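A quick write-up on the structure given underneath.
Computation of the quantities below employed the complete heavy-atom set of this structure, encompassing side-chain atoms and omitting hydrogens, waters and symmetry-equivalent molecules. Everything quoted here is computed from the prediction, not taken from an experiment.
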Amino acid sequence: MKIYLAYLLAITFLVSSCSSRKQTEEHQLAKTILADTSLKKVDSMARAAIKEGFNAGSGYSQIWARDMNTFIETALEESSKEEVKGAILIFFALQQKNDEMIDGYVLKKDFTWNDDTPYYSDNDTKHVGFKNTVETDQETSLIQLVGKYVKKTGDTSILAEKIGGITVLTRMERMIQYLLKEKYNRSYGLLYGAMTADWGDVQPNDDFGCDWNNLSNEAIDVYDNAMLIIALNYLQEMTTDKNQKANWAELQKSVKANVRKHLWDEKRKNSFLIFIRENLQFRQDLMRIASIIMVALR
């Protein structure tokens, strides 16, 4: 019994020691980060860039929902609420009749690159939209963007803004319905897109790489579905309809469970892709890469 107790005490000491050492290391890392004055410089440079506009870069005139979603809070600190709100509403003006959302937009005069699938709308004749259809995060990015805007400003009036006679809130709800109709795999209960790289909006199968085609590899990943989970959380916060809130909560719960069930390897503690449909060339490329790796490991 004494040996057993000594063993337990030893294990407890080792666990405690490891935990304490890890906490010390994390604390030291936190101190290093906080003491890094270059981060303040980076922050000031980012704020200066945002003051120049919401586009993706000085030589890159497009305004993207995915990008703007990452810096909306900072933009609201450096630009007027009205300016940010106006930029957001243009997305909804360019929403398509089937309720899908664009990736981004530019003034028509700036639509100068080779894209044979422009997105137009009668609700906005000054801008043209574009979309990398291999990705499935446009709708969820914009919903998050609006959610962050409302939370940061307290301005819920944007939800009641009407574009083409339809409120912003209703348009966001229809965007979710679009995803469930067009980008939802019922067997897995998850959203799908193409196998992609970059921000997740470029596929390796063809030169252009941004449009879904017969070379696309249909795949389910954590990113698209995590974005949906986050978007559904914002929708629950923004709606006042109890039934709709319950619907979003139920869908969110289902997607969370299916991500864990189908996309998470508990033993290895990592996520993975599920390929629903892959083209022959892609399979051959994977086999060739695997062969090269095996040779290198010998």
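Met238 and Ile229 fall within a single hydrophobic cluster, where Ile, Leu, Val, Met, Phe, Trp and Tyr side chains are chained together by heavy-atom contacts under 4.5 Å. Residues Leu145 and Tyr178 share a single hydrophobic cluster, defined by chaining ILVMFWY side chains whose heavy atoms lie under 4.5 Å apart. At a threshold of 4.5 Å between side-chain heavy atoms, the hydrophobic network of Ile, Leu, Val, Met, Phe, Trp and Tyr places Phe71 and Ile143 in one connected group. The hydrophobic cluster containing Val150 also contains Leu142, counting ILVMFWY residues as joined when their side-chain heavy atoms lie under 4.5 angstrom apart, directly or transitively. Grouping the Ile, Leu, Val, Met, Phe, Trp and Tyr side chains by contacts below 4.5 angstrom, directly or via other members, places Leu159 with Met101.
The closest side-chain heavy-atom distance from Thr117 to Tyr119 is below 4.5 Å. Annotation: side chain of Leu89 is in contact with side chain of Val168 (closest heavy-atom distance under 4.5 Å). Residues Met68 and Val84 meet the side-chain proximity criterion, which asks for heavy atoms closer than 4.5 Å. In this structure, Asn247 and Leu251 have side chains that are not in contact, with every pair of non-hydrogen atoms separated by 4.5 Å or more. In this structure, Glu73 and Tyr149 have side chains that are not in contact, with every pair of non-hydrogen atoms separated by 4.5 Å or more. Tyr234 places none of its side-chain heavy atoms less than 4.5 Å from the side chain of Val146. Residues Pro118 and Phe111 meet the side-chain proximity criterion, which asks for heavy atoms closer than 4.5 Å.
A donor atom on one side chain and an acceptor atom on the other are not found under 3.5 Å apart for Gln236 and Gln244. Of the N and O atoms on the side chains of Glu250 and Trp248, not one donor lies less than 3.5 Å from an acceptor on the other residue.
Of all the heavy atoms in Ser121 and Gln95, the pair that sits closest is OG-O, 4.3 Å. For the residue pair Asn185 and Tyr192, the shortest heavy atom distance occurs at N-CD2, 3.9 Å. Of all the heavy atoms in Leu228 and Thr140, the pair that sits closest is CA-CG2, 3.6 Å. Taking each heavy atom of Ala160 and Thr167 in turn, the nearest pair found is O-CG2, 3.9 Å. Residues Ser141 and Met227 share a closest heavy-atom pair of OG-CE, 3.3 Å. Here the closest non-hydrogen pair linking Thr136 and Gly193 is OG1-CA, 3.4 Å.
Under the side-chain hydrogen bond (donor to acceptor under 3.5 Å, both in side chains) criterion, Asp110 pairs with no residue at all, not counting sequence neighbours. Remark: Tyr188 pairs with His262 by the ring pair (Phe, Tyr, Trp, His ring centres under 6.0 Å) rule, at least two apart or across chains. For Ser157, the side-chain hydrogen bond (donor to acceptor under 3.5 Å, both in side chains) partners are Lys85, Asp155, not counting sequence neighbours. In this structure, the ring pair (Phe, Tyr, Trp, His ring centres under 6.0 Å) partners of Tyr105, at least two apart in sequence or on a different chain, are Phe91, His127. By the side-chain hydrogen bond (donor to acceptor under 3.5 Å, both in side chains) test, Asn98 is found to be paired with Glu100, residues two or more places apart in sequence or in another chain being considered. Applying the side chain to side chain contact (heavy atoms under 4.5 Å, CB included) test to Tyr184 and every residue at least two apart in sequence or in another chain returns Leu180, Arg186, Leu191. Every residue meeting the side chain to side chain contact (heavy atoms under 4.5 Å, CB included) condition with Lys108, not counting sequence neighbours, appears here in chain and number order: Tyr120, Val128. The side-chain hydrogen bond (donor to acceptor under 3.5 Å, both in side chains) check on Glu77 picks up Arg47, Lys152, with sequence neighbours excluded. With sequence neighbours excluded, the residues that form a side chain to side chain contact (heavy atoms under 4.5 Å, CB included) with Glu25 are Arg21. Evaluation of the side chain to side chain contact (heavy atoms under 4.5 Å, CB included) rule for Lys181 yields no partner, not counting sequence neighbours.
Considering CG of Asn258 and CG of Asn225, their distance stands at 8.5 Å, rounded to 0.5 Å. With rounding to the nearest 0.5 angstrom, the CG atom of Asp36 is 9.0 Å from the OG1 atom of Thr32. For the atom pair Asp241 CG and Leu235 CG, the distance stands at 12.0 Å (nearest 0.5 Å). To the nearest 0.5 Å, the span separating CD on Glu161 from CG on Leu169 amounts to 12.5 Å. In this structure, NZ on Lys183 lies 8.0 Å from CD on Glu218, to the nearest 0.5 angstrom. Summarising the geometry, atom CD1 belonging to Ile72 is positioned 13.5 Å from atom NZ belonging to Lys151; distances are rounded to the nearest 0.5 Å.
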CA sep, side-chain torsions, deciding dist, call: Phe54, Trp64, ring-ring contact (aromatic ring centres under 6.0 Å, His included): CA-CA 8 Å; Phe54 309 131; Trp64 296 67; over 10 Å; no
Verify side chain to side chain contact (heavy atoms under 4.5 Å, CB included) between Leu190 and Val255, making sure each step is shown before the conclusion. CA-CA 6 Å; Leu190 294 167; Val255 174; 4.0 Å; yes
> What do the steps show when you test Asp137 against Arg66 for salt bridge (charged side-chain N to carboxylate O under 4.0 Å, His left out), and what is the final call?
Replying inline: CA-CA 8 Å; Asp137 70 344; Arg66 187 183 302 111; 2.7 Å; yes
| message | If you apply the rule side chain to side chain contact (heavy atoms under 4.5 Å, CB included), what do you find for Thr170 with Arg174, and how did you get there? | response | CA-CA 6 Å; Thr170 298; Arg174 291 184 179 184; 3.7 Å; yes
Residues Glu135, Asp103; criterion side chain to side chain contact (heavy atoms under 4.5 Å, CB included); working and verdict: CA-CA 9 Å; Glu135 186 50 275; Asp103 243 322; 5.5 Å; no
| task | Show the numbers, then the answer: is there a side chain to side chain contact (heavy atoms under 4.5 Å, CB included) between Arg171 and Asp99? | result | CA-CA 7 Å; Arg171 286 184 172 277; Asp99 295 323; 5.6 Å; no
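Counting Ile, Leu, Val, Met, Phe, Trp and Tyr side chains that sit under 4.5 Å apart, directly or through other members, Leu107 stands alone, with no cluster partners. Leu39 belongs to a hydrophobic cluster whose remaining members, ordered by chain and number, are Leu29, Ile33; membership requires side-chain heavy atoms of ILVMFWY residues under 4.5 Å apart, directly or through intermediates.
Look at Lys131 and Glu139 and you find a salt bridge, because one of the NZ, NE, NH1 or NH2 atoms lies within 4.0 Å of a carboxylate O, short of that distance.
Using a distance-only test at 3.5 Å, with no hydrogens or angles considered, a donor-acceptor pair links the side chain of Gln138 to the main chain of Asn132. Using a distance-only test at 3.5 Å, with no hydrogens or angles considered, no donor-acceptor pair links the side chain of Ser79 to the main chain of Leu76. Of the possible polar contacts, one joining the Lys148 side chain to the Asn69 backbone as a donor-acceptor pair under 3.5 Å is found.
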